[in-house]
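So the structure is just underneath, and the comments pick up after that.
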Amino acid sequence: MTTSRDHTVTKRPASDAVGRGTASPSSWGFGDGQAIPWEYAPAPESREIVKLQSRYGLFVGGKEIAPRSGQWFTTLDPATEEPLAEVARAGVEDVENAVAVARRAFRRSWGELPGRERAKYLFRIARILQERSREFAVLETLDTGKPIKESRDVDIPLVAAHFWYYAGWADKLDYAFPGRTAQPLGVAAQVIPWNFPLLMLAWKIAPALAAGNTVVLKPASSTPLSALLFADVCRQADLPPGVVNIVTGPGEIGLALVKHPDVDKVAFTGSTAVGKQIGRAIAGSGKALTLELGGKAANIVFDDAPLDQAIEGIVNGIFFNQGEVCCAGSRLLVQESIAEPLVEKLKDRLATLRVGDPLDKNTDVGAINNAAQLAKIEELIEAGVAEGAELYQPACDLPERGYWVRPTLFTNVAQSHRIAQEEIFGPVLSVLTFRTPDEAVEKANNTPYGLSAGVWTEKGSRILKMVKELRAGVVWANTFNRFDPTSPFGGYKESGFGREGGLHGLLAYVRLEDR
Ligand code: NDP
């Protein structure tokens, strides 16, 4: 083993795939059976562009301030377990202060500003984000463990796109909801998770500001840094003080924030358990609420699907961001007649995924974000094996330190298995089969969640039928994990309610009055 800690359930030599033998990059023969060592030259992105402070305070009233609590915590690089910086651990008094400042900014400046003036600030923020995109991409990768090619090519461009998009709405609210006048709600409390820290910030802050609200945002404790760099963008854009406030600290601070009586709107993305807790905590308070929670998406492949294209979609569906994606295609439903060739192709493809240094531009699968998440993934992989599913993991050497999981595939999975029911939130794919479209729908809908789904088929009519019958907020056809600021995103059932993105996302931040 080259790893000091084996994070997977089966102990084995690093060069051997687990499960039925499949060619791995290090064992592919070359005609005469000789193995070629496929070593990739390292292609690390420089981290020089990021100037980390040793300590970050709270961002309140346009300034970085020390927490009144007097406490700090450390955020780590999950790829190395090295500390990155100390961050303020807000107390309840800091939340009180941030909400009071946001309320003042709403009354005195932002809430009164004409839409065209708000738009200017949002356009400015979008432009600065683009200008500083490399800095943000590197910082996001350092703090989350996600591959640099994803933060650089997906997260940060989408972040800027959200600000561009909602900037466009700020002066057109009178036309957004025909016959109705849109008024801002007031102060928005926003709590976001660690899987897409800056993107979730953008999903929440851009529509809130476009509609004339002010915000207090709490990032996840394991990934606060990109939100704190965003504070610098707000300063650079001369955003009026108090319009955006960022409060770092543990979950209990998130709860204190959403419960604060002077908050008008709550937006949360994270686990279903915390979403329910928030729902209970603010029930009857009159606060507007949107919840974007977990998922257990079915990615359904019919026998007429273009297989090679589907393989790429399946891989993107579950291994993008290490599978730490609420809408990840974590249940693969394959039509029985093509299950065998598809699984073989999938195993070959998995063997080519490069797992390792998230800052390396060749890396496909980075580090798991935090130790608790790693433990949860490992526990569910163990449960899959114990319940009788067949495990396959390609050979790959994992770095000695940090939080890592090999790309994992389970076949022979039953509907009742925990790995088919529970959100794993990691690079673990469960493969199930079906015979008829009706069976596919029944199996896909057999989950407490309803966030997303994927359909792979050549037939347009089948796509339309499936879209109608699948109980999921988003259904992708012949693609997966595509996002666009103009397109609403959100779930049903235990995946939450309300939509983010598009006009629907704006609706969540306004009160409509008859003209
Ligand atoms: P949480 O739901 O606990 O965390 C999400 C955010 O909520 C974080 O900012 C967290 O703060 C905050 N928070 C935690 N507890 C409370 C509370 N009682 N009231 C208000 N805010 C709170 O997710 P985890 O990070 O613990 O991940 C657990 C599981 O949740 C994952 O394994 C995954 O299944 C799911 N998940 C789903 C996500 C999604 O996008 N839908 C995103 C992240 C996780 P802090 O970080 O300080 O604890």
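Whatever order the structure lists them in is the order used to number ligands and atoms, beginning at 1.
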Q) Got the residues with a heavy atom under 4.0 Å of ligand 1, by chain and number? A) V191, I192, P193, W194, N195, K218, P219, A220, S221, G249, P250, G251, G254, L255, F268, T269, G270, S271, V274, Q277, I278, E292, L293, G294, C326, Q373, K376, E423, F425
Q.
Using side-chain heavy atoms (C-beta onward) and a distance below 4.5 Å, is L84 in contact with L52?
A. yes
(Q) Set out, in order, the CA-CA distance, both residues' side-chain angles and the distance that settles side-chain hydrogen bond (donor to acceptor under 3.5 Å, both in side chains) for T75 and D143, then state yes or no. (A) CA-CA 7 Å; T75 181; D143 212 15; 2.8 Å; yes
Q) Going by the side-chain hydrogen bond (donor to acceptor under 3.5 Å, both in side chains) test, which pairs reach into residues 288-298, not counting sequence neighbours? A) K265-T290
(Q) Do F410 and V385 have side chains that approach each other closer than 4.5 Å (heavy atoms only, starting at C-beta)? (A) yes
Q. Do we get R499 above Y492's six-membered ring, with its NZ or CZ under 6.0 Å from the centre and within 45° of the axis?
A. yes
Q.
Between T141 and S151, is the side-chain hydrogen bond (donor to acceptor under 3.5 Å, both in side chains) condition met? List the steps.
A. CA-CA 6 Å; T141 283; S151 47; 2.6 Å; yes
